[in-house]
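This report concerns only the one structure given below.
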Amino acid sequence: MSAEQSARTIRQADGLDPVRAHRRVLYRSAKQNRTRKFHALYDKLTRFDVMQRAWKDVAGNQGAPGVDKVSITDISSRGPESIQTFLDVLTEELRTGTYRPKPLRRVHIPKPGRPGETRPLGIPCVRDRVVMGDFGFEWGIWSGVAPHQG
């Protein structure tokens with residue numbers, strides 16, 4: 001049974017949206033066979049519905065802009081066409097292997113319960129957040145794995 005067929009079956013049985021059903025199939029496949037290698041994930045991760053879902057999740061968080069100073073509002077304020085163009089360019093960079101993440105914008109925020117002390121915080125660019133969300137770092141695809149091992 002193909003992953004697409006399995007995702008359709010899971011979606012119908014559990015009432016999930018297509019992206020979540022597809023992620024569940026990949027997760028279950030990895031859990032069933034820990035030595036399984038996934039050779040063709042880019043085609044699954046750069047699908048239109050997956051990229052659009054990653055964008056909606058990032059846009060819903062309304063985070064601060066990264067080093068490129070491009071905010072979510074900058075992209076979405078020009079209308080749905082600009083969001084589509086943004087996702088198309090990002091998808092093409094991922095498919096062709098030309099995507100490179102930008103450096104993090106470093107800010108210092110106060111430590112809770114410790115007046116006068118701060119801790120560093122790295123803020124990624126919007127495009128990098130979309131890619132991180134797309135690759136499952138925010139949805140627990142790598143659950144049980146430390147962040148530096150993902």
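Side chains included, hydrogens not; waters and symmetry mates left out as well; all remaining heavy atoms used. Since we're looking at a predicted model, the values are computed, not measured. FYI, the numbering just counts along the sequence from 1.
Side-chain atoms of Ser82 never come within 3.5 Å of backbone atoms of Ser76 as a donor-acceptor pair (strictly under, hydrogens ignored). Remark: the backbone N or O of Pro124 is not paired with any side-chain donor or acceptor of Arg105 at under 3.5 angstrom.
Here the shortest heavy-atom pairing between Leu87 and Val130 reads CD2-CG1, 4.3 Å. Of all heavy-atom pairs spanning Thr46 and Thr91, the tightest one is O-CG2, 3.5 Å. In plain terms, the two heavy atoms of Ala64 and Ile123 that are nearest each other are O-CG2, 3.6 Å. The two residues Pro101 and Asp128 make their nearest non-hydrogen contact at CA-OD1, 3.5 Å. Counting all heavy atoms, side chain and backbone alike, Arg129 lies closest to Gly63 at NH1-CA, 3.3 Å. In terms of heavy atoms, Arg100 sits closest to Arg127 at O-NH1, 3.2 Å.
Asp49 and Arg53 are not joined by a salt bridge, as no carboxylate oxygen comes within less than 4.0 angstrom of a charged side-chain nitrogen.
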Could you go through the side-chain contact (heavy atoms from CB on, under 4.5 Å) check for Ser71 and Val126 one step at a time?
-> CA-CA 7 Å; Ser71 69; Val126 172; 5.6 Å; no
Go through Leu121 and Arg106 one step at a time and tell me if the side-chain contact (heavy atoms from CB on, under 4.5 Å) criterion holds.
-> CA-CA 6 Å; Leu121 176 68; Arg106 182 68 71 182; 5.8 Å; no
Ile72/Trp55 under side-chain contact (heavy atoms from CB on, under 4.5 Å): CA gap, chis, key distance, verdict | CA-CA 9 Å; Ile72 293 164; Trp55 164 258; 4.0 Å; yes
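In this structure, Ile83 CD1 and Asp88 CG are separated by 12.0 Å, a value rounded to the nearest 0.5 Å. With values rounded to the nearest 0.5 angstrom, Tyr99 atom OH is found 7.0 Å from Leu94 atom CG. With rounding to the nearest 0.5 angstrom, the CE atom of Met51 is 7.5 Å from the CZ atom of Phe86.
Hydrophobic clustering keeps Leu104 apart from Val131 (ILVMFWY residues linked when any side-chain heavy atoms are closer than 4.5 Å, directly or through intermediates). Residue Leu90 is not grouped with residue Val67 when hydrophobic side chains (ILVMFWY) are merged at heavy-atom distances under 4.5 angstrom, including chains of intermediate members.
Counting heavy atoms from C-beta outward, Phe48 and Gln84 have side chains that approach closer than 4.5 Å. Two residues are said to be in side-chain contact when any heavy atoms from C-beta on lie closer than 4.5 Å; Gln62 and Thr73 meet this criterion.
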